[in-house]
Number of protein chains: 4
Amino acid sequence: MDALPLDNQPLMSDDFAQRARELIEAGRTIDSRGWVPATSGNFSARLADGRIAITVSGRHKGRLTEADIMLVDADGRSLDGQTPSAETRLHTALYRRYPDAGAVLHPHSPGSTLLSRLRTNSVVLEQYELLKALKGINTHECRIRIPIFPNDQDIPRLANRIDHWMDEHGDIHAYIIASHGFYTWGDNVQEALRQVEALEFLFDIESRLHGAPTA
Amino acid sequence: MDALPLDNQPLMSDDFAQRARELIEAGRTIDSRGWVPATSGNFSARLADGRIAITVSGRHKGRLTEADIMLVDADGRSLDGQTPSAETRLHTALYRRYPDAGAVLHPHSPGSTLLSRLRTNSVVLEQYELLKALKGINTHECRIRIPIFPNDQDIPRLANRIDHWMDEHGDIHAYIIASHGFYTWGDNVQEALRQVEALEFLFDIESRLHGAPTA
Amino acid sequence: MDALPLDNQPLMSDDFAQRARELIEAGRTIDSRGWVPATSGNFSARLADGRIAITVSGRHKGRLTEADIMLVDADGRSLDGQTPSAETRLHTALYRRYPDAGAVLHPHSPGSTLLSRLRTNSVVLEQYELLKALKGINTHECRIRIPIFPNDQDIPRLANRIDHWMDEHGDIHAYIIASHGFYTWGDNVQEALRQVEALEFLFDIESRLHGAPTA
Amino acid sequence: MDALPLDNQPLMSDDFAQRARELIEAGRTIDSRGWVPATSGNFSARLADGRIAITVSGRHKGRLTEADIMLVDADGRSLDGQTPSAETRLHTALYRRYPDAGAVLHPHSPGSTLLSRLRTNSVVLEQYELLKALKGINTHECRIRIPIFPNDQDIPRLANRIDHWMDEHGDIHAYIIASHGFYTWGDNVQEALRQVEALEFLFDIESRLHGAPTA
């Protein structure tokens, strides 16, 4: 079949359907742990053609169906008339920076939320075997810094701030938004989910190790 | 079909059946988190005709069937001979005050219980992204107060006390009864459940942030 | 049908099968919370004829089948050749003392275990709405004492000690064995399970309220 | 049928299929508790002929299929071309030391991870009824020591260190690797799983009893 120009291609494809199924399943797993309360969190996956499958705004992430996953272009513009998550710009900025990234997951988990009330600027994780679940790390003998950004309802401004920080400080595996959960990404949904599980485990341990001693 | 006078209409209806299904499903979700131990908690939904579907007294909220949901009128009087929850008056007072409220959920959760032993009068929640799960809030940059009322076996007296407090202090999104869980409400069961998930997440975080330092 | 002498009656009956199903289901619920780790805990129900259905020694309580429930007489003697739980004597002593008791449940839960390392002699629970889940209590305005007995591998001696304590101090709703979970009972399996859920909720709250402040 | 020489025998057998099913099921149970986040942990079982069924490197332990279980010989060499867990040598060292061991389970659990950040050298467990879930223990009136070894990416070196420690200090029921979960073993998968449940319960209690007092 001749190639169709991008704007004529069929909106939904096998690629979309497969990515949607993976996001739905990841949502069930993440919700079963209590990491996407209410309608918090949002998830996306990049298709082979560069378009992005992302959760529709305001849906519960533990009970997603295919109708809750929509398509945006690389700039986050809706391709199907639905409204994507308000935080779509955070996803597209990550896909632009990381060409290999095939999925971005944003859980709103208790460990990351609690830690971000106990710390300013960043969380340091070191000497944990589970750090090896993060891309490119193959020993526990390392020390990584997860930056904490102040929450901001102005998402383009927040996206710029994060981009600027990464320009200055270099690559990271994840970031926390204060009192608002964390973002992580991977080559595909499965690898991003692996990082979600590892990071929230470590955030929980850190919050219990260095918790609040005073009432 | 001609309108029937209210007292002649069939007791059970499609509307009732649909609301009952939603309450049953909400109960399973809430119980799976451990937020309605024993036979604690109670749930209701308002029908289009003003009658209220509410859980029968003494049933386990995680294992509800349609037989565990009954009908009361706007004043909380049983319409089908069954005994509604002892706290029905707290539900009807909320429906009277909030004409848009279509559902009231009362979980008996660990976070709210624990916080009510650590605080007197109220819990303050501020700078949390999850506050946006509460009706009418669209930024984390706010500070809300959830009042804590002393528990009281005299439910009409407790209902009056709460009503009086709201007359004086204005609208709220939820209230805690000391050592007795919390109440929240929404336009429908789904929205009330969204508030339950957000609030208990925040109560849990707050109790861990400002927990008890002394044995 | 003429009455058969007790020792000639068929071992298994509809009554047994129904009680066994209830114990199996209670085990699944209790295990799903993490309250019967490994092969800890044991459960029983009294049949109409006075015999007792009780879990076989050494089985996992979250994965019971009917083959894991056996019959003992009122003195705890095996009626079917299988070996009942080593703690059967604690069950039979409770059935003897409480003629209305139809079920005894012994979870080995984290809250009760933790509290028994923090306290000596007893746990006091007061002003909790959930106390109303305990038989005969209809207001939160009360204060109950749950005794903690030292653990003992000599079960007849432990049973005697508990009996002696109750003779002296009067009726209780439950007791904790130090570092060994708790016992509670009810008119039937459902009511005993209601008490299990309420008590472990309260033990968890108490352990977090009055936890250990020093390393 | 005549005996086949070991190197000619069929790779897969009924024995392998049964052990694989048990490991898959144990993985689901362990993951449901949150004790094998990301792709952490690894599990094995010894077949009657001395070969070892072990999880393939890098798989999620809560979603194993038979394709995720492979065969190695007693020295940990792959028998089917797949790559076993990097920690296979820790498994084979345990099978060599304990001729009765039929299964080795390594969860990466929060309790053991947290405790290993709070303690150096070892964890002492005493006066817990659940100690009776460990092989050979029949009273709570004992005191066992679980050594904590420093984590090491050089697995042969770590295996030697552990072997040397056991030569010197004698038999143990389990060991912790710092910030890396724990290892335990049993006559079969069911008994090893019983020890996993008991130990993580106790590690969790200990970490809450003797937690971190300072921020």
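Below, chain A is the first sequence line, B the second, and so on; all start at residue 1.
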Contacts with chain B made by residues 142-156 of chain A (heavy-atom distance under 4.5 Å), listed by residue number: A:Asn151, A:Asp152, A:Gln153
Residues in residues 157-186 of chain A near chain B [non-hydrogen atoms, under 4.5 Å]: A:Ser179, A:His180
When rounded to the nearest 0.5 angstrom, what is the spacing between [atom1] in [X] and [atom2] in [Y]?
| X | Y | atom1 | atom2 | answer |
| --- | --- | --- | --- | --- |
| B:Leu209 | A:Leu118 | CG | CG | 5.5 Å |
| A:Leu114 | B:Ile205 | CG | CD1 | 5.0 Å |
| B:Tyr128 | A:Arg117 | OH | CZ | 3.5 Å |

Heavy-atom neighbours of A:Gln127 CD exceed 12 at 6.0 Å: yes
Contact listing (chain A partner; residues 18-43 of chain B; heavy atom under 4.5 Å): B:Thr29, B:Arg33
Proximity of residues 194-204 of chain B to chain A, residues having a non-hydrogen atom under 4.5 angstrom: B:Arg194, B:Glu197, B:Ala198, B:Phe201
Side chain / backbone / both / neither for B:Glu206 at chain A, heavy atoms under 4.5 Å: side chain
